[in-house]
Engineer: 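Structure in structure tokens, see below.
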Amino acid sequence: NKTYKIYPLDILYVEGMREYVKIYTQLETIVTKSSLTKFHEQLPNNLFIRVHKSFIINIIKVRAFTTTTVEIHNKKIPIGRSYKIN
């Protein structure tokens with residue numbers, strides 16, 4: 001039961017896992033009990049977007065992207081069909 005202070009700019013991406021979220025930074029991965037939707041509401045909406053039902057990304061950390069994936073820190077994150085912008 002620790003409380004972590006995480007600066008939004010340090011977050012690479014967030015992965016939802018049922019009632020938990022995994023917060024990925026360059027230094028560590030933190031798991032906390034929250035829904036992805038609730039967690040997303042706490043993040044600055046000018047920095048973070050939801051790209052998949054299970055992923056929120058920090059847009060300034062995007063290294064590359066295709067029509068189906070976003071690459072952040074050597075991790076390829078899928079872009080969900082309903083989250084694509086035409």
Side-chain angles (χ1 to χ4, degrees):
N1 287 338
K2 285 185 183 178
T3 300
Y4 287 89
K5 183 174 187 175
I6 305 170
Y7 295 100
L9 289 175
D10 292 338
I11 298 172
L12 300 171
Y13 60 95
V14 182
E15 180 179 7
M17 305 173 351
R18 298 189 186 232
E19 68 262 7
Y20 292 90
V21 293
K22 266 188 179 177
I23 305 153
Y24 293 86
T25 71
Q26 283 192 311
L27 300 177
E28 61 189 335
T29 301
I30 299 163
V31 179
T32 188
K33 190 167 184 168
S34 177
S35 73
L36 197 59
T37 301
K38 281 186 179 183
F39 195 82
H40 193 197
E41 290 169 357
Q42 298 175 42
L43 296 170
N45 60 2
N46 61 329
L47 284 179
F48 293 89
I49 59 170
R50 192 153 181 181
V51 295
H52 187 273
K53 67 178 182 171
S54 300
F55 289 98
I56 297 167
I57 63 165
N58 183 337
I59 59 173
I60 64 173
K61 303 293 184 176
V62 173
R63 198 166 112 183
F65 64 92
T66 68
T67 57
T68 58
T69 63
V70 175
E71 189 176 322
I72 297 177
H73 204 254
N74 297 323
K75 165 77 172 171
K76 288 187 179 179
I77 298 168
I79 298 174
R81 218 176 328 168
S82 63
Y83 295 91
K84 287 184 182 179
I85 299 172
N86 294 328

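Excluded from the calculations below are hydrogen atoms, water molecules and symmetry mates; all remaining heavy atoms, backbone and side chain alike, are included.
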Engineer: Calculate, to the nearest 0.5 Å, the distance between atoms CD1 and OG1 belonging to Ile77 and Thr69 respectively.
Structural biologist: 9.5 Å
Engineer: With rounding to the nearest 0.5 angstrom, report the NZ to CZ distance, Lys53 to Arg81.
Structural biologist: 11.0 Å
Engineer: Verify the cluster assignment for Ile60 and Leu43: are they in a single hydrophobic cluster under the rule of side-chain heavy atoms below 4.5 Å apart?
Structural biologist: yes
Engineer: Are Val21 and Leu9 connected in the hydrophobic side-chain network, where two residues link if heavy atoms are under 4.5 Å apart?
Structural biologist: yes
Engineer: If you look at every heavy atom in Arg50 and Thr37, which pair is closest and at what distance?
Structural biologist: NH1-OG1, 3.2 Å
Engineer: For the pair Lys61 (side chain) and His73 (backbone), establish whether a donor and an acceptor sit closer than 3.5 Å, ignoring hydrogens and angles.
Structural biologist: no
Engineer: Parallel, tilted or perpendicular: which describes the rings of Tyr13 and Phe55, with under 30° parallel and over 60° perpendicular?
Structural biologist: tilted
Engineer: Can you tell me how far the NE2 atom of His52 sits from the OG atom of Ser82, to the nearest 0.5 Å?
Structural biologist: 8.5 Å
Engineer: So which atom in Ser35 and which in Lys38 form the shortest heavy-atom distance, rounded to 0.1 Å?
Structural biologist: OG-N, 3.0 Å
Engineer: Between Tyr4 and Glu28, what is the shortest heavy-atom contact and its length?
Structural biologist: CE2-OE1, 4.1 Å
Engineer: Show the nearest heavy-atom pair for residues Glu15 and Tyr24, with the distance to one decimal.
Structural biologist: OE1-OH, 2.9 Å
Engineer: Do Phe39 and Val31 sit in one hydrophobic cluster, given that two such residues count as connected whenever their side-chain heavy atoms are within less than 4.5 Å of each other, even indirectly?
Structural biologist: no
Engineer: What do the steps show when you test Asn58 against Ile72 for side-chain contact (heavy atoms from CB on, under 4.5 Å), and what is the final call?
Structural biologist: CA-CA 9 Å; Asn58 183 337; Ile72 297 177; 5.7 Å; no
Engineer: For residues Ile56 and Phe48, report the shortest heavy-atom separation together with the two atoms involved.
Structural biologist: CG2-CB, 3.8 Å
Engineer: Between Lys84 and Ile79, which heavy-atom pair has the shortest distance, and what is it?
Structural biologist: CG-CG2, 3.7 Å
Engineer: Look at the side-chain heavy atoms of Ile, Leu, Val, Met, Phe, Trp and Tyr, link any pair under 4.5 Å apart, and say whether Leu36 and Tyr20 land in one connected group.
Structural biologist: no
Engineer: Kindly check if the number of other-residue, nucleotide or ligand heavy atoms within 6.0 Å of CZ (Phe65) is above 12?
Structural biologist: no
Engineer: Using the rule that two of Ile, Leu, Val, Met, Phe, Trp, Tyr join whenever any of their side-chain heavy atoms come within less than 4.5 Å, decide whether Ile30 and Leu47 are in one cluster.
Structural biologist: yes
